[in-house]
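Data block below; observations after.
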Amino acid sequence: LVKTHNLLTTRNYIFGYHPHGIMGLGAFCNFSTEATGVSQKFPGIRPYLATLAGNFRMPILRDYLMSGGICPVNRDSIDYILSKNGSGNAIIIVVGGAAESLNCTPGKNSVTLKNRKGFVKLALRHGADLVPVYSFGENEVYKQVIFEEGSWGRWVQKKFQKHIGFAPCIFHGRGLFSSNTWGLLPYSKPITTVVGEPITIPKIDNPSQKEVDFYHGVYVDALIKLFDKYKSKFGLPETEVLEVN
């Protein structure tokens, strides 16, 4: 977990986490556990990782998720945390969601963001600052079978995504005892999560589409700059370009 700027405890924040990867391991390990010392790096900030509401319908799993400060990624939960829980709260939203997971594969840096503007509208309604976050290596820890657009496999994935909320991916990692065998353990690749500079957002109870589009554009530019600034430091060539879909 790499900190680039201090976060004020007098403000609330929405972290946009990119990319999703297969399981969002960087988001979970860095913001829902103390494995990388999030509370020491951001003292006074309470992180809440937002995930699918369906995960909270399963006994035991629900309690495990809640113990790590994980909340449903729905408007009621986010509204409560940002308006009824004081300041110093940080909601981490994996903006690309299931659609982004379908395209994650080693060696590819792309995000699904162009038409994802709901998190910006939430930030404006609550006056919560937006923070771009990029995890270098998130797409490297699993290998996935990518179905082309128009194929039967992609059709099935999109149907699941539409009706259930997640897209079934065909993927594999390494085996338990050897990296030369297939299994569900992630490959031993580093994931470095860089938390960028917060973007100050005004509080607007009913933001217009023009206002949402403006701050969305500011956010996209900030994410691209964050990626470009740190890409060579974490193993990518200077020529690498972040693909924004």
Verify whether one side chain among Ser179 and Tyr187 offers a donor that lies under 3.5 Å from an acceptor in the other.
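Looking only at side-chain atoms, Tyr187 and Ser179 do not form any donor-acceptor pair under 3.5 Å.
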Is the closest side-chain donor-acceptor distance between Thr105 and Gln144 under 3.5 Å?
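No.
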Heavy-atom side-chain contact between [X] and [Y] under 4.5 Å:
X	Y	result
Gln40	Glu34	yes
Asn139	Pro106	no
Val120	Phe214	no
Ser32	Tyr48	no
Ile22	Ser101	no

Under 3.5 Å donor-acceptor, Asn55 side chain and Pro72 backbone
no
Verify, without hydrogens or angle tests, whether Glu138 (side chain) and Gly21 (backbone) share a donor-acceptor contact under 3.5 angstrom.
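Looks like no, no N/O pair under 3.5 Å.
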Between [X] and [Y], what is the ring plane arrangement, given parallel below 30°, perpendicular above 60°, and tilted in between?
X	Y	value
Tyr64	Phe28	tilted
Phe171	Tyr142	perpendicular
Phe234	Tyr230	parallel

To the nearest 0.5 Å, what is the distance between NZ (Lys117) and CG (Asp213)?
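Spacing of NZ (Lys117) from CG (Asp213) equals 3.5 Å.
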Within this structure, what is the CD1-CG distance for the pair Ile45 and Leu8, rounded to the nearest 0.5 Å?
7.5 Å
Please say whether more than 12 non-hydrogen atoms of neighbouring residues, nucleotides or ligands are located less than 6.0 Å from NZ in Lys41.
yes
